[in-house]
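See structure below.
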Amino acid sequence: MNASSPPLALAFPQLERTIGCAFGETVLESARRHGVRIVGACGGRGYCGSCEIRIVEGEDAVSNEANDGDDSYLAHPAKTPPVAWVRACRTRPGSDCTVEISPRSLAPIVRTDATPDAQEALVPDTLIGSRDVELSAPTLDDAECDVSRLLRALELPDDAFDLAAAREMPTRLREHRWKVRARLRGDRLIGVAAPGRPNLGLAIDLGTTNVAGFLVDLDSGRQLATLAIENPQGAWGADLITRIDAAARSKESFAALRDAAREAIDVLAHDLCRAVDADIDDIVDAAVCGNTAMHHLLLGLPVASLGRSPFVAALSDALDVEAREIGLAFCAGARIHFAPNVGGFVGGDHCAALLATQMQWSDARTALVLDIGTNTEITLIHDGALHSASCPSGPALEGGNIRCGMRAAEGAIEHVAVGDDGTFGLRVIGRSAPLGLCGSGVVDTIAALRGIGALDDRGRLIREHRHVHSLEGKAAARLAPGVLFTQDDVRSVQLAKAAIRTATELLLQRARCEAADIERFVVAGAFGAWLDVGRCIEIGLFPELARERFVQVGNAAGAGIRRILVSESARRHAREIARRCRYLELSTAPEFQKTFLRCIGFDRGTDARRAR
């Protein structure tokens with residue numbers, strides 16, 4: 001078989017799909033190209049093991065050329081079902097074959113978003129408006145052009161129109177017999193629709209892991225529908241650096257990552273409009289927030305400089321662009337407002353979160369807002385100054401790069417407790433058999449293992465403990481049949497925990513205050529809404545503060561971008577917040593290494609910022 005051979009057929013019975021696989025292509029690459037979801041936290045680099053599959057049928061189903069000395073790769077005899085799972089990123093088919101995907105990749109996602117203030121009354125303060133008008137039809141004696149005819153009826157200047165609106169105008173005027181709704185941005189015509197059509201706005205929180213959409217009636221400010229989906233860019237890796245590396249390596253990967261972000265927004269727009277019996281061209285305005293990398297990828301801005309020190313963005317200020325320039329088919333002249341970035345990876349999503357949570361932090365002398373996720377952004381507010389930083393906490397705290405980790409889907413263990421007899425008590429999403437661990441379950445597992453003495457202060461699993469077993473020569477704790485928590489998993493959590501706690505400590509140092517001074521600790525993010533604050537304190541993720549100082553607010557970025565969508569004053573306020581933030585690049589801080597090493601263990605007694 002060679003490069004000129006016709007593509008192979010990969011059948012996925014669980015999805016009722018068959019796709020083509022090019023010569024030399026891995027199963028993961030082929031699946032990614034065809035939109036078949038196979039979790040690949042490391043982006044296909046071969047070290048996370050999350051893309052497990054089984055080749056259940058096929059002659060010469062796995063080419064030996066893919067092995068490269070990797071003992072996790074198995075070349076199975078013709079038509080012989082494999083006895084073990086293999087990694088899709090290391091498996092290159094040599095013939096047509098049938099592929100079984102891991103249940104952890106297939107489990108229906110349950111918790112992709114949390115917005116506790118979804119019904120918050122928003123007062124519209126927007127430039128978007130509309131007017132229903134009835135025109136006289138042209139005649140031989142009155143052959144004025146369509147654009148001028150409508151602008152004259154609206155009492156607008158001759159040039160007050162968007163070219164895209166002019167392109168659709170002749171058809172719309174005649175289709176609706178000269179009775180139309182003129183859509184306006186200030187004194188400029190941006191679209192023509194049937195009389196009475198709604199003016200809708202779409203707010204998007206473009207997260208690394210999830211993409212959340214909120215459909216809003218711009219006339220009333222009322223939220224009509226909300227939906228969140230998994231960010232399809234996850235096929236190129238769970239963390240930002242992996243995606244940036246992929247985008248920087250080739251123009252094709254860059255374009256694919258940009259298309260994935262655009263397609264996620266397109267899917268949300270269609271599904272949300274369908275839910276309220278609206279058309280996608282009823283979306284007259286939109287607003288997007290995301291971290292700097294998500295922002296750049298969607299806009300088509302180069303990201304290579306974000307992947308290396310000093311991590312400089314191409315663009316930071318707020319920006320308005322035509323929706324059609326992004327490739328989104330909204331109202332003809334619809335624009336997308338991009339919330340401002342702060343610096344480094346602290347992007348518009350954190351700015352939106354600060355906007356939404358201002359009531360929680362503005363009246364405190366010292367407060368901290370932590371938006372926890374794959375990329376964690378933190379702002380410390382002290383004596384009116386805002387100090388901001390981001391840290392690459394990675395996907396471990398959301399179930400990524402964990403051997404049996406998974407998203408918050410059916411079958412995910414979300415809570416782990418230890419009974420009086422020393423056995424594990426598990427709470428599983430969907431009340432089904434446990435398939436793996438989601439983020440809150442990962443944190444609980446660390447705390448539970450610490451509680452029963454199976455995990456020491458340095459993060460070492462105690463092999464002699466009855467809950468710890470040997471797996472491929474390494475220690476692992478068994479939580480349920482088929483669900484293990486390994487020594488490597490502990491290390492991944494330690495790195496994430498240390499990154500977040502180090503960022504917190506360095507911000508405190510910069511502001512010359514201590515953790516005990518924090519009057520309000522605001523935990524934002526959809527994942528943060530499900531965390532057990534007590535467990536986070538136990539493992540050293542959060543400083544030891546009284547529980548009443550913690551506030552969990554869910555998807556604050558989503559709440560903030562909804563405000564930005566409907567309000568010009570909120571847009572100005574968001575820009576002011578971004579300008580007030582004093583960005584700290586952690587890698588350049590003199591105390592970074594020392595602080596990180598101090599925070600990597602689980603010994604709470606060494607907490608240098610222990611609350612008084």
* Asked: Is the shortest distance from a Lys or Arg side-chain nitrogen in Asp517 or Arg365 to a carboxylate oxygen in the other one below 4.0 Å?
  ->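 Answer for the salt bridge query: no.
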
* Asked: Hey, is Arg407 close enough to Glu230 for a salt bridge, meaning N to O under 4.0 Å?
  ->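 Yes.
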
Smallest separation among heavy atoms of [X] and [Y], with atom names:
{"X": "Leu449", "Y": "Ala477", "result": "CD2-CB, 3.9 Å"}
{"X": "Ala557", "Y": "Ala352", "result": "O-CB, 3.6 Å"}
{"X": "Ala389", "Y": "Tyr583", "result": "CA-CE1, 4.3 Å"}
{"X": "Ala574", "Y": "Cys351", "result": "O-SG, 3.1 Å"}
{"X": "Leu380", "Y": "Ala511", "result": "CD2-CB, 3.6 Å"}
{"X": "Cys51", "Y": "Cys89", "result": "SG-N, 3.5 Å"}

* To do: Evaluate the ring planes of Phe338 and His295, with Trp represented by its six-membered ring, and classify them as parallel (under 30°), tilted (30 to 60°) or perpendicular (over 60°).
  =>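 Perpendicular.
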
Would you compute the distance between atom [atom1] of [X] and atom [atom2] of [Y] and round it to the nearest 0.5 angstrom?
{"X": "Cys404", "Y": "Leu484", "atom1": "SG", "atom2": "CG", "answer": "5.0 Å"}
{"X": "Phe602", "Y": "Arg450", "atom1": "CZ", "atom2": "CZ", "answer": "7.0 Å"}
{"X": "Ile204", "Y": "Leu268", "atom1": "CD1", "atom2": "CG", "answer": "5.0 Å"}
{"X": "Ile500", "Y": "Ile372", "atom1": "CD1", "atom2": "CD1", "answer": "4.0 Å"}
{"X": "Leu461", "Y": "Phe485", "atom1": "CG", "atom2": "CZ", "answer": "8.0 Å"}
{"X": "Leu370", "Y": "Thr379", "atom1": "CG", "atom2": "OG1", "answer": "9.5 Å"}

Do [X] and [Y] make a side-chain contact, defined as non-hydrogen atoms from C-beta onward lying under 4.5 Å apart?
{"X": "Ile381", "Y": "Leu368", "value": "no"}
{"X": "Leu215", "Y": "Gln223", "value": "no"}
{"X": "Leu15", "Y": "Ile101", "value": "yes"}
{"X": "Phe550", "Y": "Ile537", "value": "yes"}
{"X": "Leu354", "Y": "Cys581", "value": "yes"}
{"X": "Pro543", "Y": "Arg501", "value": "yes"}
{"X": "Gln509", "Y": "Leu506", "value": "yes"}
{"X": "Val443", "Y": "Cys536", "value": "yes"}

* Before giving the answer on side-chain hydrogen bond (donor to acceptor under 3.5 Å, both in side chains), spell out for Thr242 and Asp239 the whole-Å C-alpha distance, their side-chain angles and the decisive distance to 0.1 Å. => CA-CA 6 Å; Thr242 302; Asp239 63 279; 2.7 Å; yes

* To do: Please assess His469 against Arg463 for the test side-chain contact (heavy atoms from CB on, under 4.5 Å), listing each intermediate value before the final yes or no.
  => CA-CA 6 Å; His469 310 273; Arg463 289 179 179 269; over 6 Å; no

* To do: Evaluate side-chain contact (heavy atoms from CB on, under 4.5 Å) for Val553 paired with Val523, printing each intermediate quantity in order.
  => CA-CA 6 Å; Val553 295; Val523 182; over 6 Å; no

For [Y], is there any backbone N or O sitting under 3.5 Å from a side-chain donor or acceptor partner on [X]?
{"X": "His296", "Y": "Thr292", "answer": "yes"}
{"X": "Gln552", "Y": "Leu531", "answer": "yes"}
{"X": "Thr423", "Y": "Gly419", "answer": "no"}
{"X": "Asn341", "Y": "Gly348", "answer": "yes"}
{"X": "Asn231", "Y": "Gln233", "answer": "yes"}
{"X": "Ser432", "Y": "Gly411", "answer": "yes"}
{"X": "Glu464", "Y": "Ala454", "answer": "no"}
{"X": "Arg580", "Y": "Gly384", "answer": "yes"}
{"X": "Arg258", "Y": "Leu298", "answer": "yes"}
{"X": "Trp236", "Y": "Ala247", "answer": "no"}

* Asked: What's the verdict on side-chain hydrogen bond (donor to acceptor under 3.5 Å, both in side chains) for Thr595 and Thr502, showing C-alpha distance, side-chain angles and the deciding distance?
  -> CA-CA 6 Å; Thr595 307; Thr502 298; over 6 Å; no

* Arg403 vs Asp488, salt bridge (Lys or Arg N to Asp or Glu O under 4.0 Å): CA-CA, chis, key distance, verdict -> CA-CA 8 Å; Arg403 183 184 180 95; Asp488 288 341; over 6 Å; no

* Asked: What do the steps show when you test Asp444 against Arg427 for salt bridge (Lys or Arg N to Asp or Glu O under 4.0 Å), and what is the final call?
  -> CA-CA 11 Å; Asp444 274 13; Arg427 187 171 71 214; over 6 Å; no

Answer with yes or no whether the side chains of [Y] and [X] bring together a donor and an acceptor at under 3.5 Å.
{"X": "Asp489", "Y": "Gln487", "value": "no"}
{"X": "Thr26", "Y": "Thr91", "value": "no"}
{"X": "Gln360", "Y": "Arg520", "value": "no"}

* Step by step, work out the side-chain hydrogen bond (donor to acceptor under 3.5 Å, both in side chains) result for Ser393 and Thr376. => CA-CA 6 Å; Ser393 42; Thr376 295; 2.7 Å; yes

* Asked: Knowing that exactly one of Ile244, Asn291, Leu297 qualifies, which makes a side-chain contact (heavy atoms from CB on, under 4.5 Å) with Leu306?
  ->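 The option that passes is Ile244.
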
Just grab all the ring pair (Phe, Tyr, Trp, His ring centres under 6.0 Å) pairs involving [range], residues at least two apart or on different chains.
{"range": "residues 486-518", "value": "none"}
{"range": "residues 383-410", "value": "none"}
{"range": "residues 420-454", "value": "Phe424-His467"}

* To do: For side-chain contact (heavy atoms from CB on, under 4.5 Å), just list the numbers for Val483 and Leu435, CA-CA rounded to whole Å, side-chain angles, deciding distance to a tenth of an Å, and then say yes or no.
  => CA-CA 7 Å; Val483 182; Leu435 296 175; 5.9 Å; no

* CA sep, side-chain torsions, deciding dist, call: Met294, Val211, side-chain contact (heavy atoms from CB on, under 4.5 Å) -> CA-CA 11 Å; Met294 295 297 99; Val211 184; over 6 Å; no

